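Worksheet: the structure to be examined is printed underneath.
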2 protein chains.
Amino acid sequence: MASDHTRSAILAAAERLYADRGFGDVTLRDIVAEANVNLAAVNYHFGSKDELIAELFVSRSIATNRERLRELKAAEEQGGGRAPIEVILRALVGPTLRGCLGPENQRSTAARFMIRASIESVPPIRRIKNREIDHLRKFAGAMRRALPDRSDVDIYWGLNFALAMAHHTIRESERLTKLSEGQCDLDDVEDVVARVVSVATMALRAGKAEARAPARALARDAR
Amino acid sequence: MASDHTRSAILAAAERLYADRGFGDVTLRDIVAEANVNLAAVNYHFGSKDELIAELFVSRSIATNRERLRELKAAEEQGGGRAPIEVILRALVGPTLRGCLGPENQRSTAARFMIRASIESVPPIRRIKNREIDHLRKFAGAMRRALPDRSDVDIYWGLNFALAMAHHTIRESERLTKLSEGQCDLDDVEDVVARVVSVATMALRAGKAEARAPARALARDAR
DNA sequence: GATAGTTTCATACAAGTGTTTGAATTGCAA
DNA sequence: TTGCAATTCAAACACTTGTATGAAACTATC
């Protein structure tokens with residue numbers, strides 16, 4: 001076991017390369033070159049390339065989930081077991097947005113790696129990813145307590161849309177900057193968080209009937 | 001030129017395979033096997049694998065954009081050059097959602113291919129994708145006309161969130177079904193469209209100050 | 001029906017992939 | 001120091017990838 005230097009050098013190099021270039025075009029030879037270790041070290045320490053990726057993803061997703069739950073729990077304890085919906089949503093999308101947006105040099109490699117993982121869906125990760133369901137269910141539970149008059153279906157849709165806005169904004173941040181000719185400031189992370197939380201809150205709070213029926217009627221007219 | 005049978009067989013097979021399994025693990029040999037043509041036919045008819053992918057993407061994205069613009073134009077003409085925001089949003093997200101959700105057998109291969117393309121971001125497609133900006137700008141223009149009191153920044157954010165909800169819902173439809181234990185019905189496409197349009201409309205209509213400031217204050221308390 | 005141009009085909013090629021091997025080196029305990 | 005296990009290393013392996021080749025088959029024109 002000794003120093004573990006090689007092992008952690010591989011993990012760090014792999015995470016950095018995957019974060020920067022995606023899983024598609026990073027080879028084991030790229031990784032070992034970046035880590036300054038021998039090619040065979042990967043298979044010696046991890047068994048296979050897929051197991052390396054899986055280990056990377058598992059450890060990082062545990063960390064992210066812990067961070068989100070920490071914020072959620074703190075808020076719920078303060079509110080006597082019930083937190084306002086805005087704070088719950090902020091605990092859900094805040095950590096990821098903060099990690100993946102903002103000035104280039106402030107982005108953590110870990111978060112950028114996780115985004116890649118959520119985008120590219122490579123086999124070893126897909127196999128693991130189902131565990132995230134349990135994690136999301138905890139947030140669904142908190143949201144239900146915050147909005148006891150909303151149906152389960154509405155809760156799940158709100159959760160879905162909150163994650164949608166956060167992840168999509170991260171993934172397409174470059175395009176949004178270009179589209180808006182720089183007017184949308186993706187480096188102002190707290191503004192982005194506030195926007196996402198605000199819209200998701202409205203989505204969850206709005207009554208179903210009054211918000212949706214008109215849209216449907218209008219659309220029928222336009223066909 | 002003659003029958004073009006081989007050429008279109010390749011296109012059809014490639015589109016189907018890419019839609020089903022993604023770009024990552026579909027080889028030229030898979031494609032020619034599916035199309036029942038010779039391996040060399042791809043390079044003969046398209047020049048290279050990347051050019052095949054590019055041609056596929058270009059033709060499909062032209063078709064999708066045309067469909068969206070058709071709906072938009074129809075609505076604007078009916079409204080005398082100004083369509084309600086709900087209808088604009090519906091024209092933006094409707095075609096894609098309708099193509100990619102709904103009962104398995106009703107999903108068009110073309111749309112599923114486009115989703116893959118929007119997710120996996122393979123080099124030949126990334127090179128082309130910037131053209132989509134111009135297309136989205138047309139929608140931004142229509143939205144500005146529908147909501148003249150909103151700032152450009154808010155318009156772009158609304159556009160971004162609408163696309164976010166649509167694309168994410170498609171990408172993660174399976175997870176949402178599992179998370180909600182089947183309570184969220186992803187096969188009811190018009191309901192999904194209505195939900196996305198409704199939330200995006202609220203996001204665009206809501207005043208900035210009153211909707212976001214409270215969320216920020218609450219979050220500060222919870223830290 | 002011969003000819004020229006197009007399309008198909010089996011096959012080979014060069015490059016790159018993850019993985020394995022077995023010998024060399026290292027670090028540590030007896 | 002000696003011995004032994006853990007680790008590193010260069011090299012090779014087996015396989016897959018996209019692409020290229022040149023002959024064969026086809027098609028249409030004269």
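Naming: A, B, ... by sequence-line order, numbering from 1 per chain. This one's a predicted model, so the numbers in the text were calculated from it and none came from an experiment.
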Which whole-number value in Å describes the distance from [X] [atom1] to [N] [atom2]?
X        : N       : atom1 : atom2 : result
Phe46(A) : dT20(C) : CZ    : P     : 16 Å
Asp25(B) : dT17(D) : CG    : P     : 10 Å
Lys49(B) : dA20(D) : NZ    : P     : 15 Å
Leu52(A) : dG18(C) : CG    : C1'   : 12 Å
Ile10(B) : dG18(D) : CD1   : C1'   : 14 Å
Asn36(A) : dT8(D)  : CG    : P     : 13 Å
His45(A) : dT8(D)  : NE2   : C1'   : 8 Å
Asn43(A) : dT17(C) : CG    : C1'   : 12 Å

Whichever of Leu39(A) and Tyr44(A) has its nearest DNA chain D nucleotide further upstream toward 5':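 Here Tyr44(A) is the residue nearer the 5' end.
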Any side-chain donor near an acceptor of the partner, Thr64(A) and Glu67(A), under 3.5 Å: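 Judged by distance alone, the side chains do not pair up.
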Verify the contact: side-chain N or O of [X] to OP1 or OP2 of [N], cut-off strictly under 4.0 Å; return yes or no.
X        : N       : value
Thr6(A)  : dT7(D)  : no
Ser48(B) : dG18(D) : no
His5(A)  : dT7(D)  : no
Asn38(A) : dA10(D) : yes

Check: Phe161(A) ring centre within less than 6.0 Å of Tyr156(A) ring centre: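 They do not qualify: ring centres at least 6.0 Å apart.
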Between Phe23(B) and Phe113(B), ring centroids under 6.0 Å: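 So the answer is yes for these two rings.
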Under 3.5 Å donor-acceptor pair, Arg29(A) side-chain atoms to dG16(C) base atoms: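 Under the 3.5 Å cut-off, the side chain and the base do not form any donor-acceptor pair.
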Sugar-phosphate only, base, or nothing, as touched by Ala40(A) at under 4.0 Å among non-hydrogen atoms: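 Base contact.
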Polar side-chain atom of Arg68(B) near backbone of Leu92(B) as donor-acceptor pair, under 3.5 Å: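 Confirmed, Arg68(B) side chain pairs with Leu92(B) backbone.
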Working for salt bridge (Lys or Arg N to Asp or Glu O under 4.0 Å), residues Asp154(A) and Arg144(A): CA-CA 10 Å; Asp154(A) 287 345; Arg144(A) 231 186 325 257; over 6 Å; no
